[in-house]
Each structure stands twice: as structure tokens, then as C-alpha cells.
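Written out below as C-alpha cells is the structure these notes cover.
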Amino acid sequence: MSDFTPKSDFLRILQERGFIHQCSDFAGLDALAAKGDVVAYVGYDCTAPSLHIGNFLSMMMLYWLQQSGNKPITLMGGGTTRIGDPSGKDETRALRTIAEIDANKEAIKGVFAKVLKFGTGKTDAVMIDNAEWLPELHWIDMLRDVGRHFSVNRMLSMDSVKLRLEREQEMSFIEFNYMIAQSYDFVELSKRLGCNLQMGGSDQWGNIIMGVDLGRRMGTHQLYALTTPLLTTASGAKMGKTAQGAVWLNADAFSPYDFWQYWRSTEDADVGKFLRLFTILPMDEIARLEKLGGAEINEAKKVLATEATALLHGREAALAALETARITFEAGGTAADLPTVEIAVSELEAGLGVLSAFVKAGLVASNGEARRQVQAGGLRVNDRPVTNPQVALSPADAINAGAIKLSFGKKKHVLLRPV
RNA sequence: GGGGGAAUGUCCCGAGCGGCAAAGGGGGCGGACUGUAAAUCCGCUGGCUAAGCCUUCGUAGGUUCGAGUCCUACUUCCCCCA
């Protein structure tokens, strides 16, 4: 793949930005892309009420696809999520209820419009849901029309299955069928929308290539597969995990400020990679930023944070996060729009213990943890370390923008605002 | 259907002669050093109205002054035989 020189803008951009892990046929796909004839889809599971940062990567591929004159499809997995994808998982997840899946689907839908332009034009993005066809299929017809093209021998050798078998972990029949459903989707989309490419993470390679194969056997036009590398940080950790959990894309699950902070904390060694994947800055600009050494690389991290946040949450929110961070970390002040928790004045007047104040602010989980953090020197009130767990806060402490500034560690700050 | 084994601190793995809030890792969090990075070092990693009290070892009973540890039944998982 690295020795292949694409002629199409689409593959050239993906390649130079580091999106490509595997492709079923570079030359064939390149020829289609050069003509603007690629119709590509990415499927999104409805397992949670928000997509996460891993999905952001595939959204960026769809973005470049559209920018280079091709057509993106976002497939909501309203049907496949009812089965549950075993890929990359070493045990069965609990089955989700249909109501839960539908609710997740509604919550997820909105995010794509941030990056893609939807509509009816040739290169406009289209959203479709496999719940439109999968639940309607008939068992026997399905077996005759589709099932006969699948070799169980081959299915057993797929990584997603093999892994379970080797580890002697249970795999139920419903999960075993996931790849059939996903393969069928690819064929269905090729018929309905002329889709000819499916993209996804590297763990989807097996599922995607099964679809390519099924298409050939069922006589569709040629289908292609393209996957992205598994995202890890330079020190080897899986990307997208924080103390609070996953890095969600929906603002109500993970605020633009937190999102900005996530990128700001990137390891030095990852800055260039992430700039290429998660911003749309020109390559020469990225090359310049990447060269910054020592403390200067912090400038590059700010650009990364702001550009990535602007892409997802809009420039205004990104600049606000940048400014909040500047005041908080560089000017040593108190930004008025730090995360804020309201508290009744009466409670403050009665004397609120520091420990419970930190619990109320959501910075620590329990008084016990707060107590331990006081020991460790991790808590601060109005930027002054808490040394005595007994002290109480009063309205007189509301000296920062009319609120009490509580800090946990170096990075987490909350304003406790009396109301 | 028969025989054998396993379930531990709700993030994971994992020790645990009847005295156990329970060894040790990993992960995570905090501190120091730095640059809101990495690496390194140190501390913490059940709850509370906190020198005390309460709740934890698959579930429910039992033996015992005392049970994660012993007994019984049940649940789930794994292995072997049919």
C-alpha cells in the first residue's frame, strides 16, 4: 500500500494522512475515485447514545470522500445492532432492547451533519438504516438466496470467530450471524444506492471482505473494501479513554471544552498523526507544526485541539475552549465558563464541608476519596491547597467570578456557584 | 444424563492453614520533576456523622465465639465421558 501511488484525490489524501490500513484493490478503487464514481458507506452501531472518537476517524474518511467528489452513505445499524457485532470482543455483550437501540439511533444521527453535507445531489451524503430491510427477511428465503454463498469452514476461520474458539469463549449463533447480516447490507446498498465501497476500522476487515465476496457471488458490480489502522497512542494505549470514560462526540455526553482538553493532552509523539487524521489543515502546515520541538510543541497541540473541536462542535465553541484554557492554565486566572455547578446559598451559609463540596461538584466520587486527595495534596479551593478536611466553605469564599473555584489535580476545575 | 473443576475487593487479572477490609500485579487517580506531553520516582485506589462504625469474596441456608476459608442446596461457566 505504501508503494502504491494513487491518481485519485481521494486515495491520495487518505494515504498521505495515514487513514489506510488495508484495501482489497487499490488500483480498481483508485480508478473509480478518479472519476468521482465511488459510493462508499460506513456502518455505525447503535450500542450507545453517542458515537465516540473511533467513529470520528471513519467520519473523516467520509468527509474526504465527499470533498474529493464522491458520495458518502452513513448506515445506521438499527438492524445489525439487534444482533451484536462479535468482532474484536472476547465475550458476548448483553443483548440490547429494540427500544434502547432506536433511542440510541436517534441520539446518534445528528452528529454526521457536522462533517458531511446531506441532500439529494450527486455527491450529497445519504443516511439509511438497515432496520429497513434486515428485520423483514425470511429465514428460509434468506438461507436459499444468501446463506448458500457462505462457507461455514471459511466463517470459522474468520478472526472474530477464531479468537473465540481458541480462547474457548462462548459464541452464540446469533453473533455468528452478524457477518452475514453485514455482508448482506453491503449487497443491499449496492443495489439500492449503487454503493461500491465499504470502509471501517481494521477490526471490520473480515466482515467487509465477506460482503465483497457475497457481492461477487450474487452478481453485483465490483465491491471494494478499505480499512483504517487501529488507533493507539504512541505509548500503546487504546485511544479515546479518559478518566470519565469514552471520548464521546455528542456535546451533551462530552463537552466541547473536555473534547478540546482531550486533544490538548496528546502525547508529543502523536501530534503529527492526529493533526493529519483529525483536522483538515493542509499537509504543509501540519509538517510545520510537527517540527516544533520541546515546549513549542504545545502550540501544535493547541492548534490540534482547536481544529479538531471546530470540526465537530463549530469554531465558536472551539475558540471558547481555547480561551477558557488560556485563562485557566496560562494566565492563572479563573475563566467564567469553566464547568459550573450550582449550589443553594442557604447550604453555603450553613457551612458546607470541603469534602462534600468536591463531591457535589462531581470532581470526586465520595467523601472518602476527597479525604484521601486532601492527604495527597490534590484538592484546591480558589487555587489554595486544602490541608484540613474539616474546614467548611461559606458564601465569603465565592471570590472567583462570583463563585468558588474547586480544583482537582492540575487539570480539572469546577466553579461552585451560589444561587 | 454421569464425573471433575471454577466463581474473590462490581475496571481487569489474581493470592488467600477458620480471626480478613482481604497479598500481589495491571489499569486508574493524585503528588514530585517538566511543557496541561512521555519517561521516572512517591502516595492512593470499599462506604460513613471516621482513633469508631457499616457493607464486601456467585445466591440462599447451616456449623462455629468467629466463615472468603468448613457443610448443604441452588445458579452460572469450563473440562472429560455418554
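Protein chains get the first letters and strands the later ones, always in sequence-line order, with residue 1 at the start of each. Values below: every heavy atom of this structure, side chains too, minus hydrogens, waters and symmetry copies.
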Check every strand shown and say whether [X] touches a base, only sugar-phosphate, or nothing at a heavy-atom separation below 4.0 Å.
X         : result
Thr266(A) : sugar-phosphate
Gln261(A) : base
Arg372(A) : sugar-phosphate

Pairwise [atom1] distance for [N] and [M], with rounding to whole Å:
N      : M      : atom1 : result
A15(B) : G24(B) : C1'   : 7 Å
U75(B) : A37(B) : C1'   : 49 Å
A32(B) : A38(B) : P     : 15 Å
U45(B) : G58(B) : P     : 23 Å

Please give the nucleotide sitting opposite [N] as a Watson-Crick or G-U wobble pair, both distances under 3.5 Å, or none.
N      : answer
A32(B) : U40(B)
G46(B) : C54(B)
U76(B) : A6(B)
C70(B) : G62(B)

Residue-phosphate contact under 4.0 Å: Lys410(A) side-chain N/O, G35(B) OP1/OP2: no

Residue mapping more 5' on RNA chain B - nearest nucleotide basis, Ser265(A) or Gln373(A): Gln373(A)

Taking the nucleotide of RNA chain B with the closest heavy atom to each, which residue, Phe408(A) or Lys411(A), is nearer the 5' end? Phe408(A)

Spacing between Phe274(A) atom CZ and A38(B) atom P, to the nearest angstrom: 12 Å

When rounded to whole Å, the CD to P distance for the pair Gln375(A) and C44(B) reads 9 Å

Scan nucleotides 48-54 of chain B against the protein and return all N/O pairs shorter than 3.5 Å with their distances rounded to 0.1 Å.
unit_1: C48(B); atom_1: OP1; unit_2: Asn367(A); atom_2: N; d: 3.2
unit_1: C48(B); atom_1: OP2; unit_2: Gly368(A); atom_2: N; d: 2.8
unit_1: U49(B); atom_1: OP2; unit_2: Asn367(A); atom_2: ND2; d: 3.1
unit_1: A50(B); atom_1: N6; unit_2: Arg371(A); atom_2: NE; d: 3.1
unit_1: A50(B); atom_1: N1; unit_2: Arg371(A); atom_2: NE; d: 2.9

Contact list for RNA chain B against residues 292-304 of chain A - heavy-atom distance below 4.0 Å: Gly294(A), Ala295(A), Ile297(A), Asn298(A), Lys301(A)

